[in-house]
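So that the names make sense, note that chain A is the first sequence line, chain B the second, and so on, each numbered from 1.
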Amino acid sequence: MTAIAHPLGPALVTDFQRRKVKAIAIPLTVLLYLVFTFFAFDVPHLFAKARLDNAAILASDFWSYKTHVTRDNRTGKVSAAVEGETRGAYPAGKLPDWVTQTGDTTAIDLGQGHLVTYDISGARYIVPGYGTIDIRPKDGNLDVTAPAPMPDWINASPSRVSVTTDAGRFAYTRAKVETFRYFAGWELFFFTLDSPFGWKTWPELVALALWGDRIDPARSNIAGMAQDFWHNPMWHHADVAGAIFETLLMAFLGTIGGALIAFPLAFLAARNMNSLSPLRFLLRRVFDFTRGVDGLIWTIILSRAFGPGPMTGALAILITDAGAFGKSFSEALENIDEKQVEGIRSTGANTLQRARFGVLPQTVPVILSQVLYFLESNTRSATVIGAIVGGGIGLLLTQAIQTQKDWEEVAYYITLIILMVMAMDTLSGWLRRKLIKGA
Amino acid sequence: MVDIAFGPSPGNRPDPSAPGAAYLAMQRRKRLYGGVIALVFVLLLAAGFDSAEDRNAGGFLSGLAQLDDFPREVLAEAWAKRANLPALMWASLPSLLETVNIAAVSTLVGSLAACLLSLLATRGLARWPRLTPVFRRALDAMRAIPEVVIALILIYVLGSGPIPAMVAIALHTTGAMGKLFSEVAENADLKPVEGLASVGANWSQRMWLGVIPQVAPNWLSYALLRFEINVRASAILGFVGAGGIGYDLKIAMQWGGGRYDTVVAIFLVLFATIVVIDQFSDRLRHRLVKGATP
């Protein structure tokens, strides 16, 4: 083996060595940076302060709900309510079919053989494969009898006994005894219990809608169903639809308004359209400014003047986008083919006619495709801006997350947002293909 | 047959003696359609404006009059306390650094994930060609979820801090970059890949040596553009509680009068950072795509 005896040999070797060093140095720098941020962001202590119980609540609430069966130990009154909310309460004298009441005894069937009984002497929970947990209040304290050794899913103290199993949860305090049974799905999504349709199964509902007798003589069944669904007091479908509309409105008004303002200004900022260079320079800096001052800052300033609402959000999007559009439109104008303009000029066309027939046909596809792209991405921004400025689905979502209670509503809003963004994505893609043939 | 050869029924045939008439009729029709579409569009805009005005707390015209009230108040106070500004700007640097770090890490992590996912989602390059639709839909879903949603949920679970924002932005970046990367990779020349395959290279070697060198400049340019966007996003997420300079800004804003000098200091620092990054990435991208200037 002899060394390379070519005049380029040494240069090649050093070049290769430089490349080798680069190939190692760049990933190493990236890695070092990631290690640095790992500690700067305090990742090691992240899991120490993470609330995994919160995550568990969130995950189970996303796809399931619970029904509370409660007895007030002072009055002896038994009531049932979905999620324990008044809006989901069963009407007096009516209980779910897995709860049976005979005299002072209430039997609750949790499924899988789990059985809870409330009676005068206290309450009993029969857990299959374990035995019976018997609770009796005595002199203000709770007396628990359960097969020893007591497992850790039973938490017993003189003032409170709680039992958590796969089938449900059970809690006994001096004031009341409560049993929770879990069900899959989102509770009362279509009709609440105070609606006459809340008690029906799907086939019954279809039958009622198509040929059944009117439940409420004042309105037809279909109208009644639509009304009860639309004004569902638990899910507020009408308000949610309004919020989605507000978000889309912000995106639409902001994008189109921004484009309409930027379009004439772009002509003044393009080198080949306007020979006044100071004006051009000024306009470019204005575009840079509205673009560079972040949407966040515009949102804050505008919400002080216009108050919370979709108009403020739309204006914030409009101002930011006017800058972005101004820049890209003027670049598109500078990139046109001058030959077509010359051709139009040769027929004796004036400036306006040259712009209309020489410039516009070349730039409209570019401009349109940009506007549609922004429209789609602004639907997402409008969600975020809505959260800050107080309008649209973004506000509903942040409120639902901050109250930390109705996670099923959070799941509902997230689903709607994703569907909305995907729909806008599809729509803008379809329009782009329709309007700009061959692009 | 006669109809096909000589046009439609005799009555509807364009008059051959006036060839311009048909053209003018077509022009008129086009103009009419264009006019109708423009009218519908203007009505839509007006109706949208009207209903946005309706749903807003303050009106548009009344708001327009007080548009400069708040900036004037803020600037007046900041001017009165202008001696504080340099110190306040200096004091906001750590949180600015956090915001930029969030953006940088999420761009890095998101782009790296996007590299892999985009190759898996590109027809002709995918490791498992049957799974390309799955990866495509996964990228779509990541792109569709707004950052604020993931950030808020993670803040609930992990507590406020930079990590929720980082994860949220990284996920979105993966989705957005994945799509763009895959569009670039689709146009890559397949000959090097075939060459590598013929000498027995496995999939990762074919991608690393055959595809990545072709697409790297474009990918890097997209990643830089994304970094710019992510700095803004991370400032906004700070505003909803994810740390960084956005959070400081929110606190100072909520304090209201008396701390407007802090607000202005943060505005200035944020604006300067965005402009600097904008310029820097513009230059770098230009160099990447057009080649180094000698």
Problem - A/Leu315, part contacting chain B, at a heavy-atom distance under 4.5 Å - result: side chain
Exercise for the section: Apply the test side-chain contact (heavy atoms from CB on, under 4.5 Å) to residues A/Thr299 and B/Phe239: give CA-CA distance (whole Å), side-chain angles for both, the deciding distance (0.1 Å), then the verdict. Expected result: CA-CA 12 Å; A/Thr299 311; B/Phe239 214 75; over 6 Å; no
Exercise for the section: With a 4.5 Å cut-off on heavy-atom pairs, point out which of B/Val275, B/Val231, B/Ile163 contacts chain A the most. Expected result: B/Ile163
Problem - Heavy-atom closest pair, residues A/Arg380 and B/Arg143 - result: NH1-O, 3.0 Å
Completion exercise
If one checks every heavy atom of B/Leu108 against chain A at 4.5 Å, the contacting part turns out to be side chain
Exercise for the section: Count the heavy-atom pairs under 4.5 Å between each of B/Leu44, B/Ile274, B/Asn101, B/Leu270 and chain A, then report the option with the highest count. Expected result: B/Asn101
Practice task
Please report the shortest heavy-atom distance between A/Pro310 and B/Ala52, naming the atom on each side.
Solution key: CG-O, 3.9 Å
Fill in the blank from the handout: Comparing B/Ile102, B/Val74, B/Leu237 against chain A, the one with the most heavy-atom pairs below 4.5 Å turns out to be B/Ile102
Problem - Sub-4.5 Å side-chain heavy-atom contact between A/Ile300 and B/Val263 - result: no
Exercise for the section: Start with the C-alpha distance between A/Tyr413 and B/Val149, add both sets of side-chain angles, then the distance that settles side-chain contact (heavy atoms from CB on, under 4.5 Å), and finish with yes or no. Expected result: CA-CA 10 Å; A/Tyr413 299 149; B/Val149 173; over 6 Å; no
Fill in the blank from the handout: Here the pair of heavy atoms bringing B/Pro71 nearest to A/Ile301 is CG-CG2, 3.7 Å
Completion exercise
Cut-off 4.5 Å, heavy atoms of chain B, and the answer for A/Thr312 is both
Practice task
For the pair A/Ile417 and B/Ile145, evaluate side-chain contact (heavy atoms from CB on, under 4.5 Å) and give the outcome as yes or no after the intermediate values.
Solution key: CA-CA 7 Å; A/Ile417 289 172; B/Ile145 308 176; over 6 Å; no
Practice task
Could you tell me which portion of A/Leu260 (side chain, backbone, both or neither) has an atom closer than 4.5 angstrom to a non-hydrogen atom of chain B?
Solution key: side chain
Practice task
Specify whether A/Phe252 and B/Phe41 have parallel, tilted or perpendicular ring planes, treating 30° as the upper limit for parallel and 60° as the lower limit for perpendicular.
Solution key: perpendicular
Fill in the blank from the handout: So, the part of A/Ser303 with a heavy atom under 4.5 Å from chain B: the answer is neither
Practice task
Heavy-atom distances under 4.5 Å only: say whether A/Ile418 touches chain B with side chain, backbone, both or neither.
Solution key: both
